[in-house]
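Quick note: numbers below take in every heavy atom, side chains included, and nothing from hydrogens, waters or symmetry partners. None of these values were measured; they are calculated from a predicted model.
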Amino acid sequence: MRLQHLTWQEVETYLRQRTDIIVPIGSTEQHGPNGLVGTDAICPETVAWEVGERYGVLVAPTQSLGMAQHHLAFPGTISLRPSTLIAVLRDTLLSLSRHGFTHVFFLNGHGGNIATLSAAFAEVYAERSLLDGDVRRGELNLTNNNWFAGPRVRKLAESLYGDAEGTHATASEVALSWFARPDAVKQVEMSPRLAPQGSAQCDAEEFRRRFPDGRMGSDPSLASIEHGRRFFEASVDDVWEAYRAFTGRE
């Protein structure tokens with residue numbers, strides 16, 4: 001169930017029955033020689049849509065711009081400042097809360113968003129806590145879940161790729177994005193096979209110096225559409241398990 005495909009009356013009916021929602025969030029950034037710029041938004045969106053269809057959960061529009069300043073030396077990357085992303089998330093959450101949503105589950109596809117999501121949650125909770133109890137609207141529960149960090153996904157990535165999974169432009173995320181967009185598969189020879197390891201805590205020019213083709217410790221040439229299908233199923237199971245625990249739903 002996709003929010004943007006419903007009428008306001010249908011959303012109102014949904015809210016009479018349940019008050020939980022999934023918000024996919026990702027980034028628009030380089031993903032190495034064979035990864036799509038939209039990978040970090042495509043992956044959580046694809047999983048969220050499937051969870052929504054299987055289990056009748058409402059899914060909000062994807063927040064496809066994230067905190068990706070360290071990738072800006074690569075063409076195509078679009079980044080928000082952390083303060084801008086916090087403001088966007090704050091307004092999103094206040095809008096949802098105003099309508100009566102009480103459980104907002106962010107499904108994230110970009111490691112660079114994690115700290116900013118935590119900061120945005122803290123800002124919203126602080127704002128609500130500072131309001132008079134008679135003014136504050138109902139309860140609001142927030143959580144972030146990273147599709148790539150679930151136990152089934154991690155186990156599968158380890159079995160398929162081992163150390164070649166890496167930490168950015170990973171084989172698993174490239175595979176899942178190819179499963180979602182099979183017309184966009186790109187076969188590229190990686191040189192070196194395993195990209196250098198290191199930290200992304202730097203500015204954009206330094207990041208490109210450390211990681212010339214955009215990869216971090218990965219060999220995404222190992223990815224395939226069939227692997228992507230397996231990551232899709234594993235992540236849907238991981239996310240639904242986490243979602244049920246968060247919302248208390250059976």
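- The side chain to side chain donor-acceptor pair (under 3.5 Å) check on Asn34 picks up nothing, with sequence neighbours excluded.
- Identified under the ring-ring contact (aromatic ring centres under 6.0 Å, His included) test for residues 180-225, with sequence neighbours left out: His70-Phe207, His71-Phe207, Phe207-Phe211.
- Residue pairs satisfying the ring-ring contact (aromatic ring centres under 6.0 Å, His included) criterion with at least one member in residues 16-35, sequence neighbours excluded, are listed as follows: His31-His168.
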Cut-off 3.5 Å, no hydrogens considered: what does the side-chain donor-acceptor table look like for residues 180-202, sequence neighbours left out?
| unit_1 | atom_1 | unit_2 | atom_2 | d |
| --- | --- | --- | --- | --- |
| Lys186 | NZ | Ala184 | O | 3.0 |
| Arg193 | NH1 | Asp219 | OD2 | 3.2 |
| Ser199 | OG | Gln201 | N | 3.0 |

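- A salt bridge links Glu12 and Arg16; the closest N-O separation between the charged side-chain nitrogens and carboxylate oxygens is under 4.0 Å.
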Sequence neighbours left out, cut at 3.5 Å: what donor-acceptor pairs do the side chains of residues 148-155 make with other protein atoms?
| unit_1 | atom_1 | unit_2 | atom_2 | d |
| --- | --- | --- | --- | --- |
| Arg152 | NH1 | Asp238 | OD1 | 2.8 |
| Arg152 | NH2 | Glu241 | OE2 | 3.3 |
| Arg154 | NH1 | Phe148 | O | 3.0 |

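- The hydrophobic clustering, which links ILVMFWY residues whose side-chain heavy atoms are closer than 4.5 Å, places Leu117 and Val88 apart.
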- Is there a side chain to side chain donor-acceptor pair (under 3.5 Å) between Asn145 and Tyr243 once you walk through the steps? CA-CA 9 Å; Asn145 182 273; Tyr243 193 80; over 6 Å; no
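- Residues forming a side chain to side chain contact (heavy atoms under 4.5 Å, CB included) with Leu94 (at least two apart in sequence, or on another chain): Arg90, Glu127.
- Judged as a side chain to side chain contact (heavy atoms under 4.5 Å, CB included), and not counting sequence neighbours, the contacts of Phe246 are His103, Phe105, Asn141, Thr143.
- In this structure, the side chains of Phe106 and Asn113 stay at 4.5 Å or more apart for every pair of heavy atoms.
- Using a 4.0 Å cut-off between charged side-chain N and carboxylate O, Glu206 and Arg210 make a salt bridge.
- Listed by first and then second residue, the ring-ring contact (aromatic ring centres under 6.0 Å, His included) pairs that reach into residues 35-64 are Tyr55-Trp240, sequence neighbours excluded.
- Applying the ring pair (Phe, Tyr, Trp, His ring centres under 6.0 Å) criterion to Phe74, with sequence neighbours excluded, gives no partner residue.
- Taken from CG in Leu80 to CD1 in Ile86, the straight-line distance is 11.0 Å, to the nearest 0.5 Å.
- The side chain to side chain contact (heavy atoms under 4.5 Å, CB included) check on Ser83 picks up Arg81, with sequence neighbours excluded.
- Residues satisfying the side chain to side chain contact (heavy atoms under 4.5 Å, CB included) criterion with Ala41, sequence neighbours excluded, are Thr62, Ser64.
- Side chain to side chain, Glu29 and Ser27 meet the donor-acceptor criterion of an N or O pair below 3.5 Å.
- Residues meeting the ring pair (Phe, Tyr, Trp, His ring centres under 6.0 Å) test with Tyr14, sequence neighbours left out: none.
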